[in-house]
Protein chains: 2
Amino acid sequence: MNPTKTAGGRREQILREAARLFAERGFHGVGVDEIGAAVGISGPGLYRHFAGKDAMLAELLVGISHRLLSAGRMRVAESDNPPAALDALVRGHIDFAIDDRPLITLHDRELDRLRDSDRKLVRQLQRQYVEVWVDVVCQVYPGAPEVEVRAAVHAVFGLINSTPHLGARSIPADRGDMAALLRRLALGALGTLDDGLPWTGPRTGG
Amino acid sequence: MNPTKTAGGRREQILREAARLFAERGFHGVGVDEIGAAVGISGPGLYRHFAGKDAMLAELLVGISHRLLSAGRMRVAESDNPPAALDALVRGHIDFAIDDRPLITLHDRELDRLRDSDRKLVRQLQRQYVEVWVDVVCQVYPGAPEVEVRAAVHAVFGLINSTPHLGARSIPADRGDMAALLRRLALGALGTLDDGLPWTGPRTGG
DNA sequence: CCCGGATGTTAGCGAGCGTTAACGTGATGA
DNA sequence: TCATCACGTTAACGCTCGCTAACATCCGGG
């Protein structure tokens, strides 16, 4: 009655293991036999679920880009004011970086291995996600030039995405501690965009 | 009289192009023929200068790790006090990230493609470089727990190293503007480690 | 003039890779 | 009972890639 449950579960399992392996050793550094072995089947068996190795990477990157963008938009829409929206964006991106480390790694590392059409789509989604951030940051710090805001947003992504590179000795034991630290660091960096005229409330018709 | 000039120049040229190509398409994504073509010779001709493709990557990563560490130590030694040392470290790392983008990219992306001995060496040099930063930051913000400082240092590396990912639309036109912005962001992030007792001068005996 | 080293070249080998072909097997349902 | 379908298997093909072998060229010094 529910054949998609097993099939979908298998697909998701393959994607999860493929993401981990790609992040560890790079797209070209992982063979289909290894991906198959990671889910208990052998190499060519994967072709019952995906058109090829490229298709797995494409589905991973398109999926994460979509989720980042839609989650970001939702968080902004649910916030009452720009500072709250910025804080929500920061928290959301941190959750993503901590909970989906392999995907975050792939997201800014293996983009160039995609077919042209897929790469264009992913880039477009990424650009829209950056735009969500830039809009919010420009509202919170209206005095900052947009080009600076754009570079600062990328820099904060780099800051938050540094999580996957950490060895065990550098990670605070508690997940919440790490998230709180990253939030402080990110907001501290963005705070330097303040030129003395940060957001002080809604413009009441001026 | 100076045969090393031509030979050394050739080696350096090969390393520079290899670094660029590895950073663009990944170590496994670049063939020796492409590297050769980039310097005007063809594939196997490279083996007159390097033992193999692996040797090029190893020399690149060991070299950058050495330079980062020694430059960092020198800057700290030349500074009068911890805050000045921290600022010098930040500025030095930013210069590196802007001027040697491909190497910075390789440095935290292709480490796992090295032979065991080379990888151990690079990791050791990286660890020592982190230690230089951690020592200085702990002096500037004595109230911060070391594990937080360590994670914060990695995060600041991620922030500064975000430069290579930027497209043309996101980069301030002037190199100095970009460096100044990154410095502000980095110091702003680290400033959140302040718990009310930042560095106020040398401890004068107790 | 010729030796020898530095620096290229092209041809080709051997291994590994992604992919396809052909086949097996167990559950499902008319 | 038997056709069908989902899901695997193994064998093998074709291609790419790193690397070696064998050979060419230039060039400085006795």
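A quick note: this is a predicted structure, and the numbers were derived from the prediction, not measured. Here is how names work: the chains are called A, B, and so on, in the same order as the sequence lines, proteins then strands, and each is numbered from 1.
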Using only heavy-atom distances, determine whether the side chains of A:Q13 and A:R10 contain a donor-acceptor pair under 3.5 Å.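 On atom types as modelled, these side chains qualify, holding a pair under 3.5 Å.
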What is the separation between atom [atom1] on [X] and atom [atom2] on [N], rounded to the nearest whole Å?
X     : N      : atom1 : atom2 : answer
A:K53 : C:dT19 : NZ    : C1'   : 12 Å
B:E34 : D:dT16 : CD    : C1'   : 12 Å
B:D54 : D:dG18 : CG    : P     : 10 Å
B:I41 : C:dT9  : CD1   : C1'   : 10 Å
A:F27 : C:dG16 : CZ    : P     : 20 Å

So which nucleotide from C:dG18, D:dC19, C:dG8 ends up closest to the side chain of B:R48?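 Nucleotide nearest to B:R48's side chain: C:dG8.
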Which part of the nucleic acid does [X] contact within heavy-atom distance under 4.0 Å: base, sugar-phosphate only, or nothing?
X     : result
A:G43 : nothing
A:V39 : nothing
A:G45 : base

Flag side-chain contact, heavy atom, 4.5 Å: B:V90 against B:L187: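 They are in side-chain contact.
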Short side-chain N/O contact from B:H49 to OP1 or OP2 of C:dG8, under 4.0 Å: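 The answer is yes; a side-chain N or O of B:H49 sits under 4.0 Å from OP1 or OP2.
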